[in-house]
Amino acid sequence: MRTDSEPSEPSEPEANRPAAVRQALEVFRDPWSFAVLQEAFFGVRRFDELQRNLGISRSVLTRRLGHLVENGVLERRRYQRRPDRYEYRLTARGLDMYPIFLALRTWGERWLENRAMPGPRLIHERCDHVTAPQMVCDHCGETIRAHDVRYEASGD
């Protein structure tokens, strides 16, 4: 285990690194996409509610929703006929973003947000307690931090 506080030094040129992070960031390339995702995690599904909550123009919201549907993060479902009305629901791909959302929330609350106005508490439904989720190793259960991880090429 490393004792320094910085992540390990790069060992390979960036061209040889996996593109997964860059590809994920392309899906959420602007702040509105992640803002829409946050509203979806709060259970907001309908266009008018998203627009009201976000204070976003109809055209920008239409483009962001289309982009998130196209990338499989949300799906568009009709909930009314005559006139047809649709809502936007998280897909499995969208739900898999929840740990990232929580990590960004935790980081923002620690480093950016005014502490006088904390965000809503997270209550774990199973145990009904306030929770502060953490990323842990799936093998030993210890909290994962940047200085505790090293990168190795796979398949060698």
Side-chain angles (χ1 to χ4, degrees), residues 5-8 14 17-149 151 154:
S5 62
E6 296 295 319
S8 61
E14 188 167 328
R17 297 191 193 285
V21 172
R22 284 191 308 272
Q23 290 171 340
L25 289 174
E26 184 59 29
V27 173
F28 298 97
R29 65 183 172 239
D30 67 72
W32 288 121
S33 292
F34 217 88
V36 169
L37 183 67
Q38 175 177 272
E39 289 300 309
F41 286 134
F42 284 124
V44 179
R45 297 182 178 145
R46 298 189 177 169
F47 188 95
D48 291 340
E49 293 170 340
L50 287 164
Q51 185 184 22
R52 181 193 68 227
N53 291 1
L54 296 173
I56 186 175
S57 74
R58 293 184 73 78
S59 62
V60 171
L61 181 56
T62 298
R63 285 193 304 272
R64 289 304 96 219
L65 288 169
H67 176 77
L68 293 171
V69 168
E70 180 181 308
N71 282 280
V73 175
L74 297 174
E75 65 180 358
R76 188 174 179 236
R77 287 190 193 168
R78 183 175 34 230
Y79 69 88
Q80 176 184 313
R81 290 187 181 270
R82 296 188 184 154
D84 286 348
R85 295 194 188 270
Y86 296 87
E87 63 184 14
Y88 297 86
R89 292 181 171 254
L90 289 160
T91 62
R93 183 181 276 195
L95 288 167
D96 272 357
M97 287 295 295
Y98 194 64
I100 297 164
F101 166 76
L102 288 180
L104 285 170
R105 176 194 164 155
T106 300
W107 185 87
E109 287 176 349
R110 179 173 182 190
W111 296 103
L112 304 174
E113 192 169 272
N114 179 350
R115 294 242 184 244
M117 298 283 297
R121 297 180 307 157
L122 296 173
I123 309 297
H124 186 224
E125 288 284 342
R126 279 202 181 161
C127 69
D128 202 35
H129 285 88
V130 174
T131 186
Q134 299 179 3
M135 184 179 298
V136 297
C137 175
D138 62 339
H139 181 73
C140 69
E142 286 191 26
T143 301
I144 295 176
R145 292 180 179 79
H147 64 275
D148 296 332
V149 177
Y151 296 90
S154 59

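In what follows, residues are counted from 1 in the order of the sequence shown.
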L25 CG to D30 CG distance, which is reported to the nearest 0.5 Å: 12.0 Å

Using 30° and 60° as the class limits, which term best fits the ring planes of F28 and F34: parallel, tilted or perpendicular? perpendicular

Single hit among T106, L102, T143 for side-chain contact (heavy atoms from CB on, under 4.5 Å) with Q134: T143

To the nearest 0.5 Å, how far apart are CD in Q51 and CG in L61? 6.5 Å

Can you check side-chain contact (heavy atoms from CB on, under 4.5 Å) on L50 and I56, steps first, answer last? CA-CA 8 Å; L50 287 164; I56 186 175; over 6 Å; no

So which of R78, R46, R77, R76 actually passes salt bridge (charged side-chain N to carboxylate O under 4.0 Å, His left out) with E87? R46

When you compare the side chain of L65 with that of L74, does any pair of heavy atoms fall below 4.5 Å? yes

To the closest 0.5 Å, what do you measure between CZ (F47) and CZ (R85)? 11.5 Å

Inspect the surroundings of CZ in R93 and state if more than 12 heavy atoms from other residues, nucleotides or ligands are less than 6.0 Å away. no

Check ion pair R52-E49 (N to O, under 4.0 angstrom): no

For G94 and L37, work out which heavy atoms get closest and say how close. O-CD1, 4.3 Å

Are V60 and R63 close enough that some pair of their side-chain heavy atoms sits under 4.5 Å apart? yes

Please test I144 against V136 for side-chain contact (heavy atoms from CB on, under 4.5 Å), starting from the C-alpha separation and ending with a verdict. CA-CA 5 Å; I144 295 176; V136 297; 5.6 Å; no

So ring-ring contact (aromatic ring centres under 6.0 Å, His included) across residues 63-92, not counting sequence neighbours, yields none

Out of curiosity, L122 CG to T131 OG1, how far, rounded to the nearest 0.5 Å? 7.0 Å

For residues W107 and L112, report the shortest heavy-atom separation together with the two atoms involved. CZ3-CD1, 3.2 Å

I'd like to know if E109 and R105 make a salt bridge, using a cut-off of under 4.0 Å between side-chain N and carboxylate O. yes

If you count heavy atoms of other groups shown closer than 6.0 angstrom to CD of E125, is the number above 12? no

Could you tell me whether the side chain of L68 reaches within less than 4.5 Å of the side chain of S33, counting heavy atoms only? yes

Pairwise distance CD(Q38) to CG(L104) - rounded to 0.5 angstrom: 10.0 Å

